[in-house]
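Each remark here refers to the structure printed beneath this line.
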Amino acid sequence: MTVVVLGGAGYIGSHTVDRLIEKGYDVAVIDNLITGHRAAVNPKARFYQGDIHDRAFLDEVFNKETNVEGVIHFAAFSIVPESMKDPLKYFDNNTGGMITLLKAMRDHNIKRIIFSSTAATYGEPKQIPIKETDPQIPTNPYGESKLCMEKIIHWSDLAYGIKFVALRYFNVAGAKADGSIGEDHHPETHLIPIILQVAAGERTGLKIFGTDYPTKDGTNVRDYVHVVDLADAHILALEYLKAGNDSNAFNLGSSTGFSNKEILEAARKATGKEIPAEDAPRRAGDPSTLIAASDKARKVLGWKPQYDDVEEIIKTAWNWKTSHPKGYNDRGEA
Ligand SMILES: NC(=O)c1ccc[n+]([C@@H]2O[C@H](COP(=O)([O-])OP(=O)(O)OC[C@H]3O[C@@H](n4cnc5c(N)ncnc54)[C@H](O)[C@@H]3O)[C@@H](O)[C@H]2O)c1
């Protein structure tokens, strides 16, 4: 039996492919490499380069991969400010792409999908920690495109019996412990890799946006989960559906919040670098605190994250960064 991973050349996808292979699964990857990296894909996975909008391409892959037990779907765009400027790009790739994928799954009789949803589907939280049953009122097109995906898959389950698990990630960070794969986004918009770019001397300093939030030290508080722990949750979710369980949605976070200043301090310790930083005004649209209630994933899926120390998470990202100063170096940059 084969697991097809869409977006398997991306940051989270490549770590999930790697974990699947370590655990003995047969894996095929579909990716158009728009933000992903061919070198990130474990060589034991079969690789198909193409777009999830391309129905003929998907048919070709699913005609070859005839024994698919489920798909894990990461292929999407995920930069919030870009989605505010160009919402149709997000609805087209994320929501539209999933419609083509679901049609192909329906027609090739593939009945299980695990997919990346996001904390951004909740919008401004009404309570902390955020529970799966809390209202989902996105405040940007990226979150809305993902919420639409959750709704479309729900109706596809009722009509075609395609079972799903929606995994709503909070902040994802870190890299495989041996530093062989890691995070390489262009542009980079996530706090930890940006801090590490400062530590590596690629940026002059870090800007901390907003120091007057109602949090422990006035800076935004976020919930960080290690990418390998996140990868494992996808595999548990697939096994959960294979065991005959119903479709479901789970938050994936650590249930612990770290402020931006705490992350900066942890990064200074993890890297041994000074990492200059300055306070800057708030950015529009940043919620003060985002922390997941993730006890449901622990209880129902049996998820046991291995990384509970943010400094350890940062050390794995630093290990990747120092061993790959130019990332995968496949974007033609000097
Ligand atoms: N990184 C995070 O902190 C985070 C948080 C919440 C949710 N997510 C979600 O997780 C998923 C993966 O995130 P990531 O950080 O690994 O992103 P990424 O950009 O590294 O990976 C996405 C992958 O999908 C591929 N892709 C995109 N559109 C495609 C298409 N139309 N056809 C084929 N391939 C396509 C890209 O080439 C890339 O390899 C995304 O769906 C994102 O919305 C990420």
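Owing to the predicted nature of the structure, the values given are computational and were not obtained by experimental measurement. Ligands are counted one by one from 1 in listed order, and the atoms in each one are counted from 1 as well.
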### Task
Among all protein heavy atoms, pick out the one at the shortest distance from atom 27 (C) of ligand 1; state its residue, atom name and that distance to 0.1 Å.
Ala76 N, 3.5 Å
### Message
Out of Val29, Asn32, Leu58, who is nearest to atom 35 (C) of ligand 1 when you count heavy atoms only?
### Response
Asn32
### Per-residue contact class, Ala120 against ligand 1 - non-hydrogen pairs under 4.0 Å
neither
### Backbone N/O of Gly205 and side chain of Glu278: donor-acceptor pair under 3.5 Å
no
#### Entry: Contact with ligand 1 for Ala9, non-hydrogen, under 4.0 angstrom
yes
### Message
Return the closest protein heavy atom for atom 20 (O) of ligand 1 as residue, atom name and distance.
### Response
Tyr11 N, 2.9 Å
### Query
Charged N to carboxylate O below 4.0 Å: is that the case for Glu262 and Arg222?
no
### Message
How far is atom 2 (C) of ligand 1 from the closest protein heavy atom, and which atom is that?
### Response
Val172 CG2, 3.8 Å
## Note on the structure
For Ile192 and Ile263 the tightest heavy-atom approach is CG1-CG2, 3.8 Å
### Query
Charged N to carboxylate O under 4.0 angstrom, Arg268 versus Glu274?
no
### Task
Determine, using ring centers only, whether Phe164 and His73 are less than 6.0 Å apart.
no
#### Entry: Per-atom contacts of ligand 1 with Leu33, taking only distances under 4.0 Å to non-hydrogen atoms
37 (O)
### Query
At what distance is the nearest protein heavy atom to atom 13 (O) of ligand 1, and which residue and atom is it?
Ile12 CD1, 3.7 Å
### Message
Suppose we measure from atom 14 (P) of ligand 1 to each protein heavy atom; which comes out shortest, and what is that distance?
### Response
His185 NE2, 3.8 Å
### Taking atom 21 (O) of ligand 1 as the reference point, the nearest protein heavy atom with its distance
Gly10 CA, 3.4 Å
#### Entry: 4.5 Å side-chain heavy-atom contact, Lys296 and Lys131
no
### Query
Going by the order shown, which atoms of ligand 1 are within less than 4.0 Å of some heavy atom of Ser117?
7 (C)
### Distance-only N or O hit between ligand 1 and Phe74, under 3.5 Å
yes
### Query
Side chain or backbone of Lys146 under 4.0 Å from ligand 1, or both, or neither, by non-hydrogen atoms?
side chain
### Phe47 six-ring centre to Arg38 NZ/CZ under 6.0 Å and within 45° of normal
yes
### Query
Crowded around Lys44 NZ? As in, over 12 foreign heavy atoms under 6.0 Å?
no
### Message
I want to know if ligand 1 touches Tyr169 in the polar sense, i.e. an N/O pair below 3.5 angstrom.
### Response
no
### Task
For atom 38 (C) of ligand 1, find the nearest protein heavy atom and state the residue, atom name and distance (0.1 Å precision).
Thr35 OG1, 3.2 Å
### Task
Mark the output for Gly50 as yes if a heavy-atom distance to ligand 1 is under 4.0 Å, and as no if none is.
yes
### Query
Is Asp286 salt-bridged to Arg282, going by a charged N under 4.0 Å from an acidic O?
no
### Task
Using distance alone, determine whether His37 and ligand 1 share an N or O pair under 3.5 Å.
no
### Closest protein heavy atom to atom 43 (O) of ligand 1, given as residue, atom name and distance to 0.1 Å
Tyr142 OH, 2.6 Å
### Query
Hey, does the Lys NZ or Arg CZ of Arg106 hover above the aromatic six-ring of Tyr160, less than 6.0 Å from the centre and inside 45° of the axis?
yes
### Task
Verify the ring-centre separation between His37 and Tyr11: is it less than 6.0 angstrom?
no
### Query
ligand 1 versus Phe170, non-hydrogen atoms closer than 4.0 Å: side chain, backbone, both, neither?
backbone
### Task
Inspect the contact between Glu69 and Arg112 and indicate whether a charged nitrogen and a carboxylate oxygen are less than 4.0 angstrom apart.
no
### Query
Would you say Gly8 contacts ligand 1, with heavy atoms under 4.0 Å as the rule?
no
### Query
When only distance counts, is Gly13 in polar contact with ligand 1, meaning an N/O pair under 3.5 Å?
no
#### Entry: Which segment of Asn93 sits under 4.0 Å of ligand 1 when only heavy atoms are counted
side chain
### Query
Under 4.5 Å between side-chain heavy atoms, hopping through other hydrophobics if needed: is there a path connecting Val68 to Phe115?
yes
### Task
Compute the minimum heavy-atom distance from Glu183 to ligand 1 and say whether it is under 4.0 Å.
no
